[in-house]
2 protein chains.
Amino acid sequence: MSIAPSVIAHIAPVPPQAYAHPMPSGRWNEMAKGACTEDSARPAHVVAALGAPVTFARNSEIFGDDQAAENVYVVVSGVVRICKLMGDGRRQIEAFCLPGDAFGWETGERYRFSAEAVSECRLVRVKRSVLFARAGTDPELACALWALSFAELQRAQEHLLLLGRKTAQERVGSFLLDLARRSGTTNASHVTELQLAMSRQDMADFLGLTIETVSRTLTYLEEQGTISLPSSRRVLLRDRSALRRLDS
Amino acid sequence: MSIAPSVIAHIAPVPPQAYAHPMPSGRWNEMAKGACTEDSARPAHVVAALGAPVTFARNSEIFGDDQAAENVYVVVSGVVRICKLMGDGRRQIEAFCLPGDAFGWETGERYRFSAEAVSECRLVRVKRSVLFARAGTDPELACALWALSFAELQRAQEHLLLLGRKTAQERVGSFLLDLARRSGTTNASHVTELQLAMSRQDMADFLGLTIETVSRTLTYLEEQGTISLPSSRRVLLRDRSALRRLDS
DNA sequence: CGACAACTTGACCATTATCAAGCAAGGTGG
DNA sequence: CCACCTTGCTTGATAATGGTCAAGTTGTCG
């Protein structure tokens, strides 16, 4: 049931031993002081330790809307999209899950959205029954569960502001900055490079725009010198202050 | 520290004794089976039992963005709005909290949004330090915490679809149905009556529209015979199937 | 009754969507 | 190795939804 340290290690640089000795009352005390933030990779590890690794090919479905909600997943590598579909085909991507993120939380019996692999990805699959049964006796796990689903809530809340009140330029700018924060690499001359795992259509469905508007906006930002697009899936953030102005 | 039963009683019809005898491993076992839904008022009680009642006047601030996050609140009566503001004054209301809802969750040291009383309201204020300290040793409380913040997440996720992909009519329709589900009263002839606690501006900022569009859309729905507006703050849902078609 | 806030309505405008080509990169078969 | 096809992306022209600005109306409260 437990997974190899080599797999877990990809989530973050915290060594597996770090959670080998659960504390008496878990992490709740630190949470009370607001001290859990500096250690944000830990909850993923605590949960991942209870599951088994699985891999999914690009564009394959991890689970579908309305399926029985049996598992929770932690991303080890790759990118996952969480989607909601409307009857007529309109799609909203609620989140892109990157390494260290968890998804598939439910209180009811069925998933309320589908999850698909944006790129080839490795996940840890944890049985919900195992997770919740243990949470009843293991405060550290209970805290980890709360922290992980709370992280989702925070992202969702930021996203609400974006979808409700931001312009197309602001949406794209915020998106690029968020990706940079979560997965970008910055070089010596302060240029951040991003590899976009997702298509323009994915970006559009995440940002509440059309594919054409996303494309036009990226072109515009490049004309302004704010970003460069060496290829359609690679972005260089040249002027972060201009992007931050858009992020507001 | 504990609040009077008469205050708690307004949240839901579950008597206070119901949680006087905590179960050995809390509610996690039920959660594992997806059985927590039928009992959704309980988490609010479990948390509220640790706090003290407070009241806020109409339009007063409960806490502000960036303030120290010391408390979590449970709504007993009235309506609370959770807001995010942008530098230039654009506002997004992330949620309206009704009796039984909890708000003010944070992992960090500061709130990331403000909360204001839409109508005069009674709340239970619970110290975060108390809550988290107890959660470490009380699995039932840990479960309640998770259930309450998870309920927020679910609402936020539904809202993402609304803001990202729905038309103005669909937004207003979904909003009315959601309010009806949470607070409406249906009479013998299947007409549901709603009392709107919030202004048109609040609705607009919640739905990602302008006040004018909200007003026009309501007028249009009334012309179609889908709703009636006996006064600007009272709505009768006359044709729920038409609304549900909009909800999709 | 008057003042003010909240709401509605109208006319016009802008941002973003839609529809339609065209282009570029990557893979396949001849 | 090159023509061909497919897929994903970009660009252009036009349309529509919802936003803006402005004027009225309703309702509430002193």
Side-chain angles (χ1 to χ4, degrees), chain A residues 58-59 81 86 88-93 116 118-119 162-176 194-224 227-235 246, chain B residues 57-59 79 81 86 88-93 118-120 162-176 194-224 227-235 246:
Chain A
R58 196 160 176 277
N59 286 323
R81 60 176 174 253
M86 292 179 68
D88 59 2
R90 278 175 284 177
R91 183 176 74 154
Q92 178 64 41
I93 294 183
E116 296 157 7
V118 170
S119 58
L162 181 146
L163 292 174
R165 287 298 179 221
K166 291 190 181 178
T167 65
Q169 278 184 49
E170 290 168 335
R171 292 180 200 206
V172 173
S174 300
F175 174 71
L176 293 176
L194 279 180
Q195 196 69 40
L196 301 177
M198 65 292 292
S199 68
R200 294 290 187 271
Q201 186 64 62
D202 285 341
M203 289 174 61
D205 288 342
F206 180 71
L207 298 174
L209 300 169
T210 59
I211 183 173
E212 293 94 335
T213 300
V214 170
S215 186
R216 276 187 249 270
T217 306
L218 286 170
T219 303
Y220 173 80
L221 289 176
E222 186 173 31
E223 283 167 356
Q224 301 299 304
I227 63 171
S228 302
L229 289 161
S231 80
S232 70
R233 297 291 183 106
R234 279 184 59 220
V235 187
L246 289 175
Chain B
R58 197 159 176 278
N59 286 322
V79 178
R81 60 176 174 253
M86 291 179 69
D88 59 1
R90 279 175 283 178
R91 183 177 75 154
Q92 178 64 41
I93 294 183
V118 170
S119 57
E120 160 116 11
L162 181 146
L163 292 175
R165 288 298 180 221
K166 292 190 181 177
T167 64
Q169 277 183 51
E170 290 168 336
R171 292 179 201 207
V172 173
S174 300
F175 174 71
L176 293 176
L194 279 181
Q195 196 70 40
L196 300 177
M198 66 291 293
S199 69
R200 294 289 187 270
Q201 187 63 62
D202 284 341
M203 288 174 61
D205 289 342
F206 180 71
L207 297 174
L209 300 169
T210 58
I211 184 175
E212 295 93 335
T213 301
V214 170
S215 185
R216 276 188 250 271
T217 305
L218 286 170
T219 303
Y220 173 80
L221 289 175
E222 186 172 31
E223 283 167 357
Q224 301 299 304
I227 63 172
S228 303
L229 288 162
S231 81
S232 70
R233 298 289 184 104
R234 278 185 59 221
V235 186
L246 288 176

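When reading the values below, keep in mind they use all heavy atoms of this one structure, side chains included, and skip hydrogens, waters and symmetry mates. Reminder, nothing fancy here: chain letters follow the sequence lines and each chain counts from 1. These figures come from a predicted structure and were not determined experimentally.
- Note on B:Ser231: nothing from the nucleic acid sits closer than 4.0 angstrom, heavy atoms only.
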Set out, in order, the CA-CA distance, both residues' side-chain angles and the distance that settles side-chain contact (heavy atoms from CB on, under 4.5 Å) for A:Arg200 and A:Thr210, then state yes or no. CA-CA 9 Å; A:Arg200 294 290 187 271; A:Thr210 59; over 6 Å; no
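- Scanning DNA chain C 5' to 3' for nucleotides with an atom closer than 4.0 angstrom to a non-hydrogen atom of chain B gives a first and last hit of C:dA6 to C:dA11.
- By the 4.5 Å heavy-atom criterion applied to side chains, A:Asp205 and A:Gln201 are counted as neighbours.
- At least one donor-acceptor pair under 3.5 Å links the side chain of B:Arg171 to the backbone N or O of B:Leu163.
- B:Val79 is not listed as a side-chain neighbour of B:Arg58, based on a closest heavy-atom distance of 4.5 Å or more.
- Between the CZ atom of B:Arg234 and the P atom of D:dT28 there is a distance of 12 Å, given to the nearest Å.
- In this structure the side chain of B:Arg233 reaches within 4.5 angstrom of the side chain of B:Ser199, judged on heavy atoms.
- The line from OG of B:Ser215 to CE of B:Met203 is 9.5 Å long, rounded to the nearest 0.5 Å.
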What N/O pairs connect the protein and nucleotides 9-12 of chain D at under 3.5 Å? Give each pair on its own line.
unit_1, atom_1, unit_2, atom_2, d
D:dC9, OP1, A:Arg233, NE, 2.9
D:dC9, OP1, A:Arg233, NH2, 3.3
D:dC9, OP2, A:Arg200, N, 3.1
D:dT10, OP1, A:Arg200, NH2, 3.2
D:dT10, OP2, A:Arg200, NE, 2.8
D:dT10, OP2, A:Ser215, OG, 2.7
D:dT10, O5', A:Ser215, OG, 3.0
D:dT11, OP2, A:Thr219, OG1, 2.6
D:dG12, N7, A:Arg216, NH1, 2.7
D:dG12, O6, A:Arg216, NH2, 3.1

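- Separation of atoms CD (A:Gln92) and CG (A:Leu207) is listed at 8.5 Å; rounding is to 0.5 Å.
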Write out a two-atom table: protein N or O, nucleotide N or O from nucleotides 24-27 of chain D, distance below 3.5 Å.
none

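- A side-chain donor-acceptor contact under 3.5 Å links A:Arg165 to the backbone of B:Arg91.
- A:Leu221 has its side chain out of reach of A:Leu229: every pair of non-hydrogen atoms, C-beta onward, lies at least 4.5 Å apart.
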Would you check, one step at a time, whether the test side-chain contact (heavy atoms from CB on, under 4.5 Å) holds for A:Arg90 with B:Glu170? CA-CA 13 Å; A:Arg90 278 175 284 177; B:Glu170 290 168 336; 2.7 Å; yes
